[in-house]
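Residues take their numbers from the sequence shown, with the count starting at 1. Heavy atoms only: backbone and side chains are in, while hydrogens, waters and symmetry mates are out. Everything quoted here is computed from the prediction, not taken from an experiment.
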Amino acid sequence: MNRLFFRILLIILLPVSVMAQEVISGLQVNVRVKNAAKDSPSAREAVQPMLLPFFEDFSEQRTFPNPLRWADSDAFINQDYPVNPPSVGVATLDAIDNLGRLYSNASPYPFMADFLTSQPIRLDSIFTPQARKITRADSLYLSFYYQPQGNGHDPLPQDSLVLEFLAPGETQEYYLTRDTLINGQLVTLTDTIVIEGWRKAWSAPGQPLSTFYAEQNKWFRQVLVPIQDSAMFYTSEFRFRFRNYASLASGILPDWQSNGDQWNIDYIYLNTGRNKYDTLHNDLTFVSKAPRMLKRYTSMPYNQFRVNQVNEKADSLSLKISNLSDGNYNASYSYEVSKGYQSPFHFYFSGNYFVPPFVTSGYMSEQYFARPPVNFVFPVGTEEKIFFTTTHILSNEANIGRRQNDTIKNVTLFANYLSYDDGTAEAGYGLSPNGAQFAYKFKLNRPDSLLAVQMYFNQTITGGNVKSFYLNVWNDFFGEPGEIIYSKFGYEPVFEDSLNMFTTYKLDSTIKIEPGRFPNLIFYVGWRQTTSDNLNIGFDFNNDASENSFYRTFGGWSQSLYKGAVMMRPVLGKMKVVGLQENIAGKAINIYPNPCNTGNVAIELPENTSDTGLVLQISSSNGQMVSSMPYTRDADVSHLNPGFYIVKVLSREGVIRGYSKLIINR
């Protein structure tokens, strides 16, 4: 179904709906990419052409592609988006640029988005055992695995993933169809795009992961592409690249307009002496990210953990290990645990076993590999914040020369908050209609004080999800939210650019979580919204807290239908949150008109605030300052492009006297 038609149909149906509706959407901004971009050079230096074989499995712990092998930094290297990849770590192509923001040309119609371009490769010669020219008889193939959607948003049929080879002097035309409304009629138009200097070698149309799996009977498909045009491609500076076409949700619903159309690419291999049946690899590898060591939470206060650590610690771990070859490999598995930056205090060793091939037996099922026990005690202390690192290691005869994917790590952080999520959002979560409520269930091991709630909100193109909401706290009533203990209106989504992406919303007063008022020390935090808009709070697909997630409108509470974790965390104990930004200080200022479609706005300061020596500072939604000037009540904003901005009024010393959001929509 056409995406525009679907959005129009949704608008027609929403007013008559009386049921709460959960919404999962994409992301506009990838904060991890944005922050990594701040430390990344703007242009990559040229490198010497690489020799065959070329291999990449993206298992390095990095955000951008390795510059020794890749010439650009559009792709997002991660372990969060793929579902059962051949090897841990993938390159994800989507609609976000290398600064972590939606492309400026992003639209509901297909547009060119990310590129993943190799550095030059020597395809003119082989140098071992002796130098000689490469010919077609050497049977040169490029192979890779790909997956649409993964844990992200599914690319639509008009979206695509494309593989191209560098072909100087050639041009190629691409035809994109799009639907638009003209005089009330849905009309299909065709756009032509000319690509110079590259030849299309392969492409795949977009589709949901469920459809892809039903067709392929596998989570990732391996593609083998022969390189046979020796005159064009057998050169000393051959390159290949992947790129994707993406399209956003319709602008009819601006609170849905976020990133999407993800493609995951893994295990790229280019070499001679191959054929179309060369699908197996001499490699034994971890498949998924390292599991968490706690049973219920990803993080929790140390004082809550140590009074019940036997039940809070996981009984065993779940690991996926894959043998990508066609033979058995004698291997061992081990893990070690260290506190802080100290030497490991615990070691686990599986012993040696023969690991059968994945093509015949699937993932390794031996319990000592796949389900190792957590048979140790975390050193109990009095620290307010401490972390433990668990390192998982495969030792085998298979991956000589490919050792990056045989080690994965997990960090268990004990701090002053409870969390079900891992800190990385793969999507956005929201509710409709007006009045819908969400409640998140938490259980303590000892009485404590609830001081604040941390939330991570995704940005949308025009700030369509910046809507005020009620922040609520409930006690428990037979496994569901009961009495409302705290409710206050006026909270709004705030978008943080720090590596820890959560905004801390302080409660007006401390709430004691203790027996009597909170039976079994169970409490709920959440929100009630006052519009039908999707608030678009971060959603983590890699941890499942659905049994603790509840929503409702006018009827009773229902358990969430989505497997994942909403990125919302209660803060306990002491207010100081190490490494986490708090909401903007100061008082709100009034700006009008807002949204603004003229050249000037009026900015009124809070009461009893002197306007002497103040500075007016305007920042874009990605945190970059776009304007700084002496404060004046009538401010010229004609230089601002349409979008969402943060306006701050500061003293000479840099103290924030007031702040507000500003939307430019001319």
Side-chain angles (χ1 to χ4, degrees), residues 44-58 65-72 75 86-87 91 115-146 160-174 194-204 220-243 265-283 324-327 359 398-404:
R44 297 197 168 194
E45 296 181 1
V47 299
Q48 290 294 322
M50 296 175 287
L51 305 181
L52 291 177
F54 176 96
F55 175 75
E56 175 68 271
D57 68 352
F58 305 107
N66 190 325
L68 296 178
R69 292 188 285 274
W70 303 101
D72 43 35
S87 173
F115 287 83
L116 179 64
T117 308
S118 75
Q119 294 284 11
I121 305 171
R122 293 289 300 267
L123 290 195
D124 61 330
S125 302
I126 295 176
F127 295 90
T128 57
Q130 59 185 15
R132 65 174 179 83
K133 184 178 179 180
I134 294 178
T135 68
R136 291 185 60 182
D138 288 304
S139 190
L140 187 64
Y141 273 77
L142 173 70
S143 66
F144 60 93
Y145 289 80
Y146 81 97
S160 60
L161 177 67
V162 180
L163 169 68
E164 297 172 327
F165 297 154
L166 181 64
E170 283 199 359
T171 61
Q172 189 164 353
E173 292 185 346
Y174 290 84
V194 178
I195 305 297
E196 297 183 357
W198 292 86
R199 181 187 297 181
K200 179 180 175 182
W202 170 92
S203 67
F220 273 73
R221 177 191 171 195
Q222 185 174 196
V223 177
L224 288 98
V225 179
I227 304 177
Q228 298 176 326
D229 189 339
S230 57
M232 177 63 71
F233 301 129
Y234 291 13
T235 70
S236 61
E237 293 193 348
F238 169 79
R239 291 176 185 251
F240 67 90
R241 74 180 185 187
F242 295 92
R243 60 184 178 86
I265 302 171
D266 196 13
Y267 224 87
I268 302 171
Y269 180 41
L270 171 64
N271 204 5
T272 57
R274 306 186 66 195
N275 57 61
K276 64 181 180 180
Y277 303 108
D278 185 16
T279 60
L280 302 176
H281 305 274
N282 187 32
D283 200 0
L324 300 179
S325 74
D326 59 353
V359 292
N399 53 3
I400 297 174
R402 296 184 185 174
R403 302 308 301 268
Q404 197 68 44

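Among residues two or more places apart in sequence or in another chain, the side chain to side chain donor-acceptor pair (under 3.5 Å) test is passed with Y234 by none. Under the side chain to side chain donor-acceptor pair (under 3.5 Å) criterion, E237 pairs with no residue at all, not counting sequence neighbours.
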**Request:** Could you go through the side chain to side chain donor-acceptor pair (under 3.5 Å) check for W202 and E164 one step at a time?
**Result:** CA-CA 7 Å; W202 170 92; E164 297 172 327; over 6 Å; no
**Asked** Can F242 and F144 be said to form a ring-ring contact (aromatic ring centres under 6.0 Å, His included), step by step?
**Response** CA-CA 11 Å; F242 295 92; F144 60 93; 4.9 Å; yes
**Request:** Could you check L123 against T235 for side chain to side chain contact (heavy atoms under 4.5 Å, CB included), going step by step and ending with a plain yes or no?
**Result:** CA-CA 5 Å; L123 290 195; T235 70; 5.7 Å; no
**Message:** Evaluate F165 against F233 for ring-ring contact (aromatic ring centres under 6.0 Å, His included), listing each step before the verdict.
**Reply:** CA-CA 8 Å; F165 297 154; F233 301 129; 5.4 Å; yes
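The two residues P49 and S236 make their nearest non-hydrogen contact at CB-O, 3.5 Å. Residues S118 and R239 share a closest heavy-atom pair of O-NH1, 3.1 Å. Of all non-hydrogen atoms in A167 and M232, the two that sit nearest each other are CA-SD, 3.6 Å. A pairwise comparison of heavy atoms in V225 and V223 identifies CG2-CG1, 3.8 Å as the closest pair.
Using a 4.5 Å heavy-atom threshold, the side chains of F240 and L166 count as separate. A 4.5 Å side-chain heavy-atom check between F54 and I268 finds at least one atom pair inside the cut-off. Inter-residue side-chain proximity for L116 and F58 is flagged as met; some heavy-atom pair is nearer than 4.5 Å.
Rounding to the nearest 0.5 Å gives a distance of 3.5 Å between CZ of R274 and OG of S143.
Under the 3.5 Å distance criterion, with hydrogens and angles disregarded, no donor-acceptor pair is assigned to the side chains of S139 and N275.
The salt bridge (charged side-chain N to carboxylate O under 4.0 Å, His left out) analysis of residues 115-134, with sequence neighbours excluded, yields the pairs R122-D124, R132-D138.
Here D229 pairs with R199 in a salt bridge; the nearest charged N to carboxylate O distance falls below 4.0 Å.
Annotation for F127: atom CZ counts as buried by contact number, over 12 foreign heavy atoms lying within 6.0 Å.
Below 30°, between 30° and 60°, or above 60°: for Y269 and F55 the angle between ring planes is above 60°, a perpendicular geometry.
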